[in-house]
Amino acid sequence: MSSHPMTSRPLYFIILSFLFTFFPSCGGSSIALAQAEPIDIATTQMIPDSEQVVVEPVTSLIAADHKYDDGGMIDLSWVPSIDDQLVASRVIGYKVYRIEDEGEPEMISELAPGSNTYNDQSVERGKLYSYFVSTLSINAETPSVRTAPIEPQREWLNYELLNVLIMALVLGGAVIYFIETARRGKKLFVRKIAGLEAVDEAIGRATEMGRPILFIPGILDMDDVQTLAALTILGRVARIIADYDTKIFMPVSRSLVMTAGRETIKASYQAAGRPDAYSDDMVTYITDEQFGYVAAVDGIMVREKPATCFLLGAFFAESLILAETGNSVGAIQIAGTARPAQLPFFIAACDFTLIGEELFAASAYLSGEPKQMGSLKGQDVGKAIAMAAILIGILTVTIGDAWNVEWIQNITTGLVDVFSTR
Amino acid sequence: MEHFALWLGGFLTLGIFSFLYKDNPWYKLTEAIYVGISAGYFVVVYFWDNFYSKFWVGVFPHKRLNEAGELVAGVEPDYWLIIGGVLGLLMLMRLLPKVGWISRWPLAFIVGATAGLWLINYFASFVMVQIQNTVTPLFGADYNASLFVIVGNIVVAVGTFTGLIYFFFSKEHKGAFGSAARVGIFFLMITFGASFGYTVMSRMSLLIGRIDFLFGDWLGMIR
């Protein structure tokens, strides 16, 4: 009934077996093929031979190290049992067994009929693992031959993301080029951003009215880029405030933001030549709790009646509450966030809103520093590449599909590959 | 005790709602209780979750004893955590004015590491995947898409392209480029309008939840 194992195996398995037999070093330990070793499974011995529904085992079982991981995965693949059919199948499933460091077999997974792969994610580096897969019938279990021991490996570089690296290098190169260009004194053009044009005016208004300026840097910590962008803008805003001798107040919901905020304002006051006017009280920690923070800031708004409110950073459900309260006390409000769900509220309730990337562009625009300007121009190169890719991609995929022209379809495939993140 | 908690919850909820009229002592009291309790709560949570559970237990894992009271192999200490502990300690240098500048080092580490870690994540998710998903045949594969799908594909393509033009900072928004940017901002505003309506509806559910508490749990008028 059963054929010779070699006859039922695909050609690649025979070639690989040949290679590993005569050139064992060419595969290292990253691929382990099934090898004939006796395996003792108790379940098949409990039923008399005449009543057992014996099924053929899986063949070509291969255990291979999972590519580009931290050494925590092994991939198994096999050719399903020939008794595993779509109609009237005698196979009801498979059991995957693992043997760790030549110990006892341990069943690690039970799979449905038709399965031919398994990804073992519970392995550790430094240990040897071998596997076998049992084919299940209604009352018997037929084990396959066991793979040679394999040790999971850690890879330091993920070559599947090579295109991401190349794209990052292209953009990084553009940023460096524009920074150097700006440093050599060439003036780089950046279009006007409406919200930022109003910064000087808003601070001037607060000075004239003798009322404070409220700066709210969102509710996330220093590990969020929006908070970083907000603090960069704070540096510029605080510098103008120091020049105008206006009062700034910055309630925060994160201790690290408090520290960074104090550093930023202090540096601005020093740059303005007024270090004596700086006080740590300008930046106050309230609480990490979202709505506790909102309750306190709302209270500050109605009591201090700031002339200008800056709402820049990462905001969540509190965005409309803060913006509405600021609006109710008659403050000029300049808001900015990269969170799409909160932008509508700022647009509705604030005088000026920095939409998405405008928040990140703002610091470069305000400071005019070569590093930031170069970075902004480099990002524009990225956007130009994206626009070109989208335009070419849509045209080629639409025309290529209609006319079935191979070279046009190849362009589409190439573009999709370049921007693939696997 | 349960009744006291209900009455306290009702009292504090109405205290917060009283802000809708104007700032008043009731709101100030509620605000102070809320801020004070939440700040204290987070100090305790951070201490036990981060300092104790992650750092202390990570560096000095609990010893495991068997039934005979003998030491058995347990979790290995993770000495890498000491680096985080040292950075945390450096942050506290801020309390000593003479060496306060050292607290900038861990801050610089956090800011730098964050920027580096997010660079590839943001680039892959918000740039590459976005481009890949936008490149679709406008009229569907084999020109068999329905009118609805075709309009959808065109909206995605035009919206993405003109949106990118709006966020292009190296060129003044004038002429054809300016017109395209204006189309881009129209797309953005329509999206924001839809998002506004959706979010307002979800916020209504929060209000309903509070009203349910006041009239149901507290006053028993809703059953």
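FYI, side chains are in, hydrogens and waters are out, and symmetry mates aren't considered; it's all heavy atoms of this structure. All chains are named by letter (A, B, ...) in the order of the sequence lines, taking the proteins before the strands, and each is independently numbered beginning at 1.
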Distance-only donor-acceptor pairs under 3.5 Å for side chains of residues 122-130 of chain B, two or more places apart:
from: B:S125; atom 1: OG; to: B:N121; atom 2: O; distance (Å): 2.7

In residues 184-203 of chain B, what donor-acceptor pairs under 3.5 Å come from side-chain atoms, sequence neighbours left out?
from: B:T191; atom 1: OG1; to: B:F187; atom 2: O; distance (Å): 2.7
from: B:T199; atom 1: OG1; to: B:S195; atom 2: O; distance (Å): 2.6
from: B:S202; atom 1: OG; to: B:T199; atom 2: O; distance (Å): 2.7

In a table with atom names and distances, give each donor-acceptor pair under 3.5 Å that connects a side chain of residues 109-120 of chain B to protein atoms at least two apart or in another chain.
from: B:T114; atom 1: OG1; to: B:I110; atom 2: O; distance (Å): 2.6
from: B:W118; atom 1: NE1; to: A:D223; atom 2: O; distance (Å): 3.2

Full working for side-chain contact (heavy atoms from CB on, under 4.5 Å) between A:L256 and B:L107: CA-CA 8 Å; A:L256 276 181; B:L107 208 58; 3.7 Å; yes

Please report the C-alpha distance between A:T398 and B:Y143 in whole Å, then the side-chain angles of each, then the deciding distance to 0.1 Å, and finally whether the side-chain contact (heavy atoms from CB on, under 4.5 Å) criterion is met. CA-CA 9 Å; A:T398 305; B:Y143 274 62; 3.7 Å; yes

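The candidate with the highest count of non-hydrogen atom pairs below 4.5 Å against chain B, out of A:G382, A:A389, A:G393, is A:G393. Your options are A:L415, A:V381, A:V190, A:L165, and the one with the most heavy-atom pairs under 4.5 Å with chain B is A:V190. Chosen from A:L188, A:T325, A:I390, the residue pairing most often with chain B at heavy-atom distances under 4.5 Å is A:I390. Among A:P344, A:G356, A:S253, A:A348, the residue making the largest number of heavy-atom pairs under 4.5 Å with chain B is A:P344.
By the neighbour-count criterion of 12 heavy atoms within 6.0 Å, atom NZ of B:K28 is densely surrounded, having more than that number from other residues, nucleotides or ligands. Summarising the local packing, OH of B:Y41 is surrounded by 12 or fewer heavy atoms from other residues, nucleotides or ligands at distances under 6.0 Å. Heavy-atom contacts from other residues, nucleotides or ligands closer than 6.0 Å to CH2 of B:W218 number more than 12. Enclosure of atom CZ in A:F189 by more than 12 non-hydrogen atoms of other residues, nucleotides or ligands within 6.0 angstrom is indicated.
At least one donor-acceptor pair closer than 3.5 Å links the side chain of A:K383 to the backbone N or O of B:F167. Between the side chain of A:D380 and the backbone N or O of B:S170 there is at least one donor-acceptor pair closer than 3.5 Å. Of the possible donor and acceptor atoms, none in the side chain of B:Y34 sits under 3.5 Å from a partner among the backbone N and O of A:E289. A:D288 places no side-chain N or O within donor-acceptor distance of the main-chain N or O of B:F42, the cut-off being under 3.5 Å.
Between A:I193 and B:F169 the shortest side-chain heavy-atom distance falls below 4.5 Å.
Looking at A:I394, the atoms closer than 4.5 Å to chain B (heavy atoms on both sides) sit in the backbone and in the side chain alike. Using a 4.5 Å cut-off between heavy atoms, A:I355 touches chain B through backbone and side chain atoms alike. Heavy atoms of B:K22 lying under 4.5 Å from chain A are absent altogether. Looking at A:V225, only its side chain comes within 4.5 Å of chain B, counting heavy atoms on both sides. For A:S255, no part sits under 4.5 Å from any heavy atom of chain B, backbone or side chain. Heavy atoms of A:F291 lying under 4.5 Å from chain B belong to its backbone as well as its side chain. Contact annotation for A:V302: only side-chain heavy atoms (C-beta onward) come within less than 4.5 Å of a heavy atom of chain B. With a 4.5 angstrom heavy-atom cutoff, A:L228 touches chain B only via side-chain atoms. Heavy-atom distances place the side chain of A:Q342, and not its backbone, under 4.5 Å from chain B. For A:D298, the parts lying near chain B are the backbone and the side chain together; criterion is any non-hydrogen pair under 4.5 Å.
For residues 315-322 of chain A, a heavy-atom distance under 4.5 Å to chain B picks out A:A317, given by residue number.
Summarising the geometry, atom CZ belonging to A:R303 is positioned 4.0 Å from atom CG belonging to B:D23; distances are rounded to the nearest 0.5 Å. Remark: B:I131 CD1 to A:M387 CE distance equals 10.5 Å, nearest 0.5 Å. The distance from atom CD of B:Q132 to atom CG of A:D417, rounded to the nearest 0.5 Å, is 8.5 Å. We find the CG-CG distance between B:L164 and A:L391 to be 11.5 Å, quoted to the nearest 0.5 Å. Between atom CD of residue A:E263 and atom OG of residue B:S103 there is a gap of 5.5 Å, rounded to the nearest 0.5 Å. For the atom pair B:L138 CG and A:L395 CG, the distance stands at 8.0 Å (nearest 0.5 Å).
Taking the ring centre of B:Y166 as origin, the terminal cationic atom of A:R191 falls inside the region bounded by 6.0 Å and 45° from the ring axis.
When all heavy atoms of B:P137 and A:V397 are compared, the closest pair comes out as N-CG1, 3.4 Å. Taking each heavy atom of A:T287 and B:S38 in turn, the nearest pair found is OG1-OG, 2.8 Å.
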